Amino acid sequence: MDAQTQQHEHEHRERTEARPEKVQQVETIRTWLRTAVVAILTDYRGLNVGEIAQLRAKLRESGTQYKVVKNTLLARAAEDLGIKGLEPYLEGPTAVAVSAADPIAPARVIQDYIRQMRKLEVKGAYVEGRVVSADQVKVLAEMPSKPQLRAITLGALQAPLYGLAGVLTGLPRNLVYALSQIQKQKEAA
C-alpha cells in the first residue's frame, strides 16, 4: 500500500469514527430533547455576540437554555430518540432554545425578540413530542401562559363558590326577614 492510499484511509477513518467530544455533544443534545417540553430551532444569522447574550439572558429568566448547535449533531441526537421531521429545519446556522418546564414562555420571548430586533428567525420546533413549523411556534407564543391559565381556571371555579356562599348567607337573612314579617302579621291581627 502506498503512502497516498494510507493517508486516504486514515482520513476516512477519522471522518467515520466519532470523536469523544462529538459523542459527548450528541449525548448532551439527546438529554435536552428527552427532557424538553419545547426545543425551538432558530437561525441566528445577523445577531452579534452581544445580541445573542441578551437573548440568552431573557430566555434564562424563563428557565430556558439557548445553545448554538451543529446541525449534524442535532440530527444524530434526534435520530437516536426516534424524532422524525426535524431534517428540513437543519440548514444554516442553528441555535436551540430548550425548556423542560414551559413551552409557551420561550416561544413568547423569542417572538418578542424578533419583533424588537428583526434579525432572528424561527425555523421550527419540537414541542411535547411533535415537530412543528415556525407558524405553529407563533401560535404557541400567543397562548396564555400556565400562570394565566391557572388564574382563569381558579376564577371559573371560584365564581360558583362565591355565588353559593352568597345564597347560603342570604338564606338566614331571608328567613329572619320572613319570620319578622310573620310576627308583624300576627301582632297586627
Side-chain angles (χ1 to χ4, degrees), residues 8-47 49 51-115 117 119-150 153:
H8 178 69
E9 284 182 10
H10 176 71
E11 288 173 2
H12 178 71
R13 265 196 315 275
E14 278 187 352
R15 281 193 309 258
T16 58
E17 292 176 6
R19 295 194 314 253
E21 65 272 7
K22 300 292 183 192
V23 170
Q24 180 58 44
Q25 289 172 357
V26 169
E27 181 56 36
T28 300
I29 296 168
R30 254 196 314 264
T31 301
W32 291 346
L33 293 176
R34 192 177 311 124
T35 61
V37 292
V38 68
I40 302 171
L41 283 63
T42 63
D43 183 336
Y44 60 90
R45 275 185 276 215
L47 294 177
V49 173
E51 292 166 335
I52 290 174
Q54 179 186 14
L55 175 59
R56 204 174 258 145
K58 286 182 181 182
L59 286 165
R60 199 175 304 119
E61 290 172 13
S62 70
T64 304
Q65 295 181 43
Y66 189 67
K67 303 280 186 186
V68 172
V69 296
K70 290 190 177 217
N71 291 329
T72 54
L73 301 179
L74 181 56
R76 187 169 298 142
E79 181 183 330
D80 291 350
L81 293 172
I83 299 170
K84 305 271 189 250
L86 278 182
E87 299 82 16
Y89 307 119
L90 299 178
E91 294 191 14
T94 302
V96 182
V98 180
S99 174
D102 184 3
I104 297 168
R108 187 171 290 143
V109 169
I110 289 172
Q111 289 303 321
D112 289 346
Y113 193 83
I114 289 171
R115 272 188 229 109
M117 302 301 287
K119 290 184 180 181
L120 189 69
E121 179 186 333
V122 173
K123 295 178 173 189
Y126 176 67
V127 182
E128 295 185 346
R130 290 187 12 217
V131 175
V132 299
S133 69
D135 290 336
Q136 291 168 314
V137 173
K138 287 179 187 174
V139 170
L140 183 65
E142 294 169 3
M143 293 177 67
S145 66
K146 282 185 179 183
Q148 290 171 322
L149 286 173
R150 284 187 190 119
T153 304

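Just so you know, these numbers use all the heavy atoms, side chains as well, and skip hydrogens, waters and symmetry mates. Here the structure is a predicted model, which is why all the values come from computation and not from measurement. Along the sequence shown, residues are numbered consecutively beginning with 1.
For Glu21, the salt bridge (Lys or Arg N to Asp or Glu O under 4.0 Å) criterion is met by Arg19, not counting sequence neighbours. Under the side chain to side chain donor-acceptor pair (under 3.5 Å) criterion, Arg130 pairs with no residue at all, not counting sequence neighbours. Residues satisfying the salt bridge (Lys or Arg N to Asp or Glu O under 4.0 Å) test with Glu51, not counting sequence neighbours, are Lys119.
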Determine, step by step, whether Leu120 and Leu55 satisfy the side chain to side chain contact (heavy atoms under 4.5 Å, CB included) criterion, reporting the C-alpha distance in whole Å, the side-chain angles of both residues, the deciding distance to 0.1 Å, and the verdict. CA-CA 10 Å; Leu120 189 69; Leu55 175 59; 3.6 Å; yes
Can you check side chain to side chain contact (heavy atoms under 4.5 Å, CB included) on Val98 and Lys67, steps first, answer last? CA-CA 8 Å; Val98 180; Lys67 303 280 186 186; over 6 Å; no
Going through the checks in order, is the side chain to side chain contact (heavy atoms under 4.5 Å, CB included) test met by Gln111 and Val137? CA-CA 9 Å; Gln111 289 303 321; Val137 173; 4.2 Å; yes
Could you go through the side chain to side chain contact (heavy atoms under 4.5 Å, CB included) check for Thr42 and Val96 one step at a time? CA-CA 6 Å; Thr42 63; Val96 182; over 6 Å; no
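Taking a cutoff of 4.0 Å between a charged side-chain nitrogen and a carboxylate oxygen, Arg30 and Glu27 qualify as a salt bridge.
With rounding to the nearest 0.5 Å, the separation of CD in Gln65 from CZ in Arg56 is 10.0 Å. The line from CG of Asp80 to CZ of Arg34 is 9.0 Å long, rounded to the nearest 0.5 Å. Here the OH-CD1 distance, from Tyr44 to Ile52, works out to 6.5 Å after rounding to the nearest 0.5 Å. Residue Leu33 holds its CG atom at 7.5 Å from CG of Leu86, rounded to the nearest 0.5 Å. Rounding to the nearest 0.5 Å places CH2 of Trp32 at 15.0 Å from OH of Tyr126. Atom-to-atom distance recorded for Lys138:NZ and Ile114:CD1 is 7.0 Å, nearest 0.5 angstrom.
Scanning all heavy atoms of the two residues, the minimum distance from Ile104 to Asp102 falls at N-OD1, 3.0 Å. Smallest separation of non-hydrogen atoms from Pro93 and Arg45: CG-CG, 3.3 Å. Closest heavy-atom contact between Ile110 and Ala97: CD1-CB, 3.7 Å. Listed here is the closest heavy atom pair of Val131 and Gly85: CG1-O, 3.5 Å. Of all non-hydrogen atoms in Pro103 and Val38, the two that sit nearest each other are CA-CG1, 3.6 Å.
Residues Gln54 and Leu47 form no side-chain contact, since every pair of their non-hydrogen atoms from C-beta on lies 4.5 Å or further apart. For the pair Leu41 and Leu90, the minimum side-chain heavy-atom distance is below 4.5 Å. Between Lys22 and Lys70, the closest side-chain pair of non-hydrogen atoms falls below 4.5 Å. Counting heavy atoms from C-beta outward, Val69 and Ile29 have side chains that approach closer than 4.5 Å.
A donor-acceptor pair shorter than 3.5 Å cannot be found between the side chains of Thr94 and Tyr89.
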